[in-house]
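Heads up: the structure comes next, in structure tokens.
A, B, ... follow the sequence lines: proteins, then strands. Residue 1 opens every chain. Since this is a predicted model, take the numbers as computed values, not measurements.
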Amino acid sequence: MSQKIYVGNLGYSIDDSALSEKFAEFGTVQSSKVIIDRDTNRSKGFAFVEMSSAIEADRAINALNGTEFGGRAMNVSEAKPMAPKSRY
DNA sequence: AGTGAGCGC
């Protein structure tokens, strides 16, 4: 079982590893992905982190939501299901 | 560059 976390308002300097290490403090990070704009190759300023359990995810959310990271106070919350991919 | 939701041609 795993729980996905949505992380918004990230600084553009944050990358997958930085996020992963940050959340690893509260549990096992299964995966982490900072969303990069395909057209500009720049961070979109938000990301997804997958923790190994909802317990750990909840701890991480409560501990990290609103805290500064990369110069911005990030929004951390449970992720919603992934949107269907556009084929165009 | 900023209120946003990910993948894979």
Side-chain angles (χ1 to χ4, degrees):
Chain A
M1 201 54 188
S2 61
Q3 175 68 39
K4 292 182 178 99
I5 305 169
Y6 172 81
V7 186
N9 199 38
L10 281 173
Y12 288 147
S13 60
I14 302 305
D15 62 9
D16 296 351
S17 320
L19 249 195
S20 177
E21 287 171 27
K22 192 69 153 181
F23 280 76
E25 192 176 337
F26 304 95
T28 302
V29 176
Q30 302 285 26
S31 65
S32 65
K33 182 182 294 281
V34 173
I35 307 308
I36 304 296
D37 188 297
R38 193 181 72 76
D39 298 321
T40 66
N41 272 339
R42 295 182 191 278
S43 169
K44 286 190 167 183
F46 62 93
F48 293 91
V49 176
E50 188 173 10
M51 305 290 292
S52 59
S53 75
I55 308 297
E56 295 176 351
D58 187 62
R59 283 199 197 112
I61 289 170
N62 281 293
L64 297 174
N65 185 31
T67 62
E68 186 183 304
F69 194 38
R72 294 231 159 214
M74 57 183 172
N75 294 333
V76 187
S77 62
E78 295 179 21
K80 301 181 190 61
M82 191 168 51
K85 184 193 172 197
S86 171
R87 287 173 294 165
Y88 302 102

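- Stacking between A:Tyr6 and B:dG4 is absent: the aromatic ring centre is not both under 5.5 angstrom from the base six-membered ring centre and within 30 degrees in plane angle.
- In this structure B:dG6 sits in the anti conformation; its chi angle is more than 90° from 0.
- With sequence neighbours excluded, the residues satisfying side chain to side chain contact (heavy atoms under 4.5 Å, CB included) with A:Asn65 are A:Asn75, A:Val76.
- DNA chain B is contacted by A:Lys33, A:Ile35, A:Arg42, A:Lys44, A:Gly45, A:Phe46 of residues 30-47 of chain A, taking any non-hydrogen atom closer than 4.0 Å.
- A ring-ring contact (aromatic ring centres under 6.0 Å, His included) check over residues 50-83 of chain A, counting only residues at least two apart or in different chains, returns nothing.
- Atom NZ of A:Lys22 and atom OG of A:Ser32 lie 13.5 Å apart (nearest 0.5 Å).
- At whole-Å resolution of the value, CG in A:Asn75 and P in B:dT3 are 11 Å apart.
- Near DNA chain B, meaning a heavy atom under 4.0 Å from it, residues 50-63 of chain A has no residue at all.
- Side-chain heavy-atom separations under 4.5 angstrom define the hydrophobic clusters, and A:Ile55 shares its cluster with no other residue.
- By the 4.5 Å side-chain criterion applied to Ile, Leu, Val, Met, Phe, Trp and Tyr, A:Tyr12 is assigned to no cluster and stands alone.
- Between the CG atom of A:Asn9 and the P atom of B:dG4 there is a distance of 12 Å, rounded to whole Å.
- Pairs passing the ring-ring contact (aromatic ring centres under 6.0 Å, His included) check and including a residue from residues 15-38 of chain A, sequence neighbours excluded, do not occur.
- Applying the side chain to side chain contact (heavy atoms under 4.5 Å, CB included) test to A:Asp58 and every residue at least two apart in sequence or in another chain returns A:Asn62.
- For the side chain to side chain contact (heavy atoms under 4.5 Å, CB included) test, residues two or more places apart in sequence or in another chain that qualify with A:Ile35 are A:Lys33, A:Lys44, A:Phe46, A:Phe48.
- The shortest side-chain heavy-atom distance between A:Ser53 and A:Met1 does not fall under the 4.5 Å cut-off.
- Each of B:dC9, B:dG6, B:dG4 was ranked by its minimum atom distance to the side chain of A:Lys85; first place goes to B:dC9.
- Remark: A:Asp37 engages no residue in a side chain to side chain donor-acceptor pair (under 3.5 Å) (not counting sequence neighbours).
- In this structure, the side chain to side chain contact (heavy atoms under 4.5 Å, CB included) partners of A:Glu78, at least two apart in sequence or on a different chain, are A:Gln3, A:Ile61.
- Of the residues in residues 76-83 of chain A, those with a non-hydrogen atom less than 4.0 angstrom from any atom of DNA chain B are A:Glu78, A:Ala79, A:Lys80, A:Pro81, A:Met82, A:Ala83.
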